Enquirer: 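The structure is given below, and queries will be raised subsequently.
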Amino acid sequence: MDQPLDPNLAVPLGAVLVVSPKTPEACRHSLGAMGQELSSSVIRRRAKSGIFFVGSWGVMNLIVGFGGNIVLARLLEPRDFGIVAIGATLMMFTTSIADGGLGSGLIRREHDPDKPELRATLALQLTLTSTLAVLAAAIGWLVGGAGLVVAMMMLALPVAAFQTPGRVVLSRAMRFKALSTTEAVCNLLYYVWSIGLVVFFDAGVWALASAVVIRALTLAVGITAVARHGVLIPSFSAASRLRPVIAFGLRFQGVSLAGMLREQGLNAGIAAIAGVGTLGFWTLTKRLLELPALMFEPLHRVSFPLLSRVLADKQDPARMLDRGVAVASTASGVVLVGMACSAQELVPFVFGEQWRAVGEIIPWICGSLLVAGPLSVVAVGFLYASDAPHVVLWSTVIHTAVLFAVAFPLLDVVGPAAIGVGSLAGAIVDAAIMARAISQRSSARPLDGLLPTVAVAVVAAAAGLAVSAWAGNGVLAGIAAGATGAMVYLVVMAIVRRAVVTDTLRLIGDAVRSGLTKETPLAAGEAS
């Protein structure tokens, strides 16, 4: 995948033997059910239901965001969105620095964190985020105007720090229903708040800035409530016990920073070489690909705590890794092939002829997602669990180098499609590194599940694009091309990969049933 793991989600592992066994004192301080063990049946059930809830709420968030942005776009000026975008970029950068990977480090440990450790984690993050927020607010105050808006947004940083203990507790307990539901409700509240302030109080850009703070506050309160760990007072008393976590967190943060530098470097390079117009094509492309990328998010979120527990129990994760790659590639293939074949005609039909270049980028990016996405959703989590974040970092760095080396020289030759060509080249390198790293650390053979699917997708895409060329321009040609590509993919997969298709459908069905079935009370000794 093009993006590294979101440190706030801590997902995209663990049971690395860098932590000491839990002491009697730590046991006395453990958070009740947090100190108990989950049975294998509970783990499987929560993993499947997590796939359902993360996926379904993810779709709902896209719908809410799309509708909310349409309303706000009609009420506000483009300059307002630009100011908020500046603040969001600054927040992303400072959050990545302040997070320090502490949440991920605690999730990947072999034993549960106790209250003193959670209080110390909160204290560390609160100190860092408050320092950065005060600095940004001071600069914004001096700058004035738009700087004041950004300064208000930065107030969300220390508020968001209070989410971390609850996220750790919920992720370790694999309570994805509670976590994703809380996030979805707060996302809806963001749009209700911002639209309400604009409509009733004519607050303008301040509505968006304040909504960022409100969302952070409600997330902190909501996640704390559903995690049921009580109100935690920040304290540094147990900070020394977090040294192994901090050491891992620093390496974890290297990946996040490398990913952000890649994004900003790509944007800057596109603008400098091909102009802001081409950068606009790339921006719309990323927005349109949020839906197919969402297909990887459920496995991305669930894989981290799931593989953490598998390795903690000294189990072989090979079958789980192979199945994850095969299922993710099979399920995403039909959407990516259909989108790749139809984009060249549907994009200009929906957005206007001036956006036709976006349709030339999308097929290449769909190929990139199909090549690297299924591997990344399981490999990144597994590598963090295996205490190998350096592999993810090097993969990100090499991916970036290949992307830039291919895309930038081609921009003047083939135009915006060069971005897609470079992305595909980087994805191939990324997939090769990830597959090799998995094979070196387990008996898994991830390419056996990926390469046949990619081959079928290439054949199906060729058929769809041939129909597009034959049918000519227009929306009907785009629909026919997309339908042909998707149908050919499904038919060929059903013939040559029947077992994988059946397994994919079975997993989707299990996830839906687990999500819709009320969880039975846990037996004594099992964590809630």
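All values below come from the heavy atoms of this structure, side chains included, with hydrogens, waters and symmetry mates left out. What you see is a predicted model, and the numbers here were worked out from it, not measured in a lab.
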Enquirer: Assess whether salt bridge (charged side-chain N to carboxylate O under 4.0 Å, His left out) is satisfied between R319 and D322, documenting all intermediate values.
Expert: CA-CA 5 Å; R319 183 177 180 276; D322 286 339; over 6 Å; no
Enquirer: NE2/H229 to CZ/R119 distance, rounded to the nearest 0.5 angstrom?
Expert: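 Rounded to the nearest 0.5 Å, the NE2-CZ separation comes to 11.5 Å.
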Enquirer: What distance separates N187 CG from L62 CG, expressed to the nearest 0.5 Å?
Expert: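 Answer rounded to 0.5 Å: 9.5 Å.
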Enquirer: When you measure from the side chain of S342 to the backbone of G482, do you find a donor-acceptor pair of N or O atoms at a distance under 3.5 Å?
Expert: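 Judged by distance alone, no pair lies under 3.5 Å.
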Enquirer: Does R323, at its CZ atom, have more than 12 non-hydrogen atoms belonging to other residues, nucleotides or ligands within less than 6.0 Å?
Expert: yes
Enquirer: Within a radius of less than 6.0 Å around CZ of R445, do more than 12 heavy atoms belonging to other residues, nucleotides or ligands occur?
Expert: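 12 or below, so no.
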Enquirer: Taking the side chain as every heavy atom from C-beta outward, state whether W364 and S423 have any atom pair closer than 4.5 Å.
Expert: no
Enquirer: Would you say the side chain of L321 lies within less than 4.5 Å of the side chain of P446, judging by non-hydrogen atoms?
Expert: no
Enquirer: Roughly how far, to the nearest 0.5 Å, is CE of M320 from CZ of F382?
Expert: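 One gets 11.0 Å once the value is rounded to the nearest 0.5 Å.
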Enquirer: Mind listing the closest non-hydrogen atom pair of L242 and T121 along with its distance?
Expert: CD1-OG1, 3.5 Å
Enquirer: Can you spot which of V59, V302, V54, I51 makes a side chain to side chain contact (heavy atoms under 4.5 Å, CB included) with E297?
Expert: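 Single side chain to side chain contact (heavy atoms under 4.5 Å, CB included) partner of E297 among V59, V302, V54, I51: V54.
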Enquirer: Please lay out, stage by stage, how L288 and M339 fare under the test side-chain contact (heavy atoms from CB on, under 4.5 Å).
Expert: CA-CA 10 Å; L288 294 178; M339 190 171 187; 4.2 Å; yes
Enquirer: Would you mind reporting whether Y190 and I214 have side-chain heavy atoms less than 4.5 Å apart?
Expert: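 Not in contact.
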Enquirer: List the residues meeting salt bridge (Lys or Arg N to Asp or Glu O under 4.0 Å) with E345, not counting sequence neighbours, and say none if there are none.
Expert: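 By the salt bridge (Lys or Arg N to Asp or Glu O under 4.0 Å) rule, E345 matches R356.
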Enquirer: Side-chain contact test, heavy atoms from C-beta onward, threshold under 4.5 Å: evaluate it for R175 versus R228 and give yes or no.
Expert: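 Yes. Closest side-chain heavy atoms under 4.5 Å.
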Enquirer: Are there more than 12 heavy atoms of other residues, nucleotides or ligands under 6.0 Å from atom CZ of F52?
Expert: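 Enclosed.
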Enquirer: Are any non-hydrogen side-chain atoms of W394 and I433 less than 4.5 angstrom apart?
Expert: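 They are not in contact (no side-chain heavy atoms under 4.5 Å apart), so the answer is no.
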Enquirer: Could you walk me through whether V226 and T181 pass side-chain contact (heavy atoms from CB on, under 4.5 Å), step by step?
Expert: CA-CA 10 Å; V226 297; T181 302; over 6 Å; no
Enquirer: So V192 and L188, do their side chains get closer than 4.5 Å, heavy atoms only?
Expert: yes
Enquirer: Judged by atom type as modelled, is there a donor-acceptor pair below 3.5 Å linking the side chain of S194 to the main-chain atoms of Y191?
Expert: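 Checking the backbone N and O of Y191 against the side chain of S194, a donor-acceptor pair under 3.5 Å is found.
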Enquirer: Got a second to check how far I223's CD1 is from C186's SG, nearest 0.5 Å?
Expert: 7.0 Å
Enquirer: Could you check whether any side-chain N or O of T164 sits under 3.5 Å from a backbone N or O of A161, counting only pairs where one atom can act as donor and the other as acceptor?
Expert: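 Indeed, once roles are kept as given, a pair shorter than 3.5 Å links the two residues.
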Enquirer: Could you walk me through whether V327 and V500 pass side-chain contact (heavy atoms from CB on, under 4.5 Å), step by step?
Expert: CA-CA 7 Å; V327 167; V500 176; 5.7 Å; no
Enquirer: Determine whether a donor-acceptor pair (N or O, by modelled atom type, separation under 3.5 Å) exists between the side chain of Y489 and the backbone of T330.
Expert: yes
Enquirer: Compare every heavy atom of Q344 with every heavy atom of P363, then report the nearest pair and how far apart it is.
Expert: CG-NE2, 4.2 Å
Enquirer: What I'd like to find out is whether the side chain of P113 reaches to under 4.5 Å of the side chain of V168, using heavy atoms alone.
Expert: yes
Enquirer: Determine whether a donor-acceptor pair (N or O, by modelled atom type, separation under 3.5 Å) exists between the side chain of S514 and the backbone of A511.
Expert: no
Enquirer: Taking atom CD1 of I438 and atom CG of L375, what is their separation to the nearest 0.5 Å?
Expert: 5.5 Å
Enquirer: Residues two or more places apart in sequence or in another chain: which of them pass salt bridge (Lys or Arg N to Asp or Glu O under 4.0 Å) with D510?
Expert: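 D510 satisfies salt bridge (Lys or Arg N to Asp or Glu O under 4.0 Å) with K48, R513 once adjacent residues are dropped.
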Enquirer: For residues M434 and S395, report the shortest heavy-atom separation together with the two atoms involved.
Expert: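 Here M434 and S395 meet closest at CE-OG, 3.8 Å.
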Enquirer: Testing the basics here: between L179 and S171, what is the closest heavy-atom pair and its distance to 0.1 Å?
Expert: CD2-OG, 4.1 Å
Enquirer: Would the distance check show the side chain of R215 and the main-chain N or O of L189 forming a donor-acceptor pair, the cut-off being under 3.5 Å?
Expert: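 No; zero donor-acceptor contacts below 3.5 Å.
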Enquirer: List the atom of S368, the atom of G420, and the distance in Å for their closest heavy-atom pair.
Expert: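 Closest pair (atom of S368, atom of G420, distance): OG-O, 4.1 Å.
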Enquirer: Got a second to check how far L346's CG is from I362's CD1, nearest 0.5 Å?
Expert: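 The CD1 atom of I362 is 9.5 Å from CG of L346, to the nearest 0.5 Å.
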Enquirer: Hey, does R441 have a side-chain heavy atom less than 4.5 Å from the side chain of V391?
Expert: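 SC-SC contact between V391 and R441 confirmed.
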Enquirer: Please report the C-alpha distance between L289 and C366 in whole Å, then the side-chain angles of each, then the deciding distance to 0.1 Å, and finally whether the side-chain contact (heavy atoms from CB on, under 4.5 Å) criterion is met.
Expert: CA-CA 8 Å; L289 286 165; C366 288; 4.1 Å; yes
Enquirer: Please report the shortest heavy-atom distance between L370 and L450, naming the atom on each side.
Expert: O-CD1, 3.4 Å
Enquirer: Do side-chain atoms of S442 reach the backbone of A444 as a donor and acceptor pair under 3.5 angstrom?
Expert: yes
Enquirer: When you measure from the side chain of R172 to the backbone of H111, do you find a donor-acceptor pair of N or O atoms at a distance under 3.5 Å?
Expert: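 Present.
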Enquirer: When you measure from the side chain of S329 to the backbone of A326, do you find a donor-acceptor pair of N or O atoms at a distance under 3.5 Å?
Expert: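 Looks like yes, one N/O pair under 3.5 Å.
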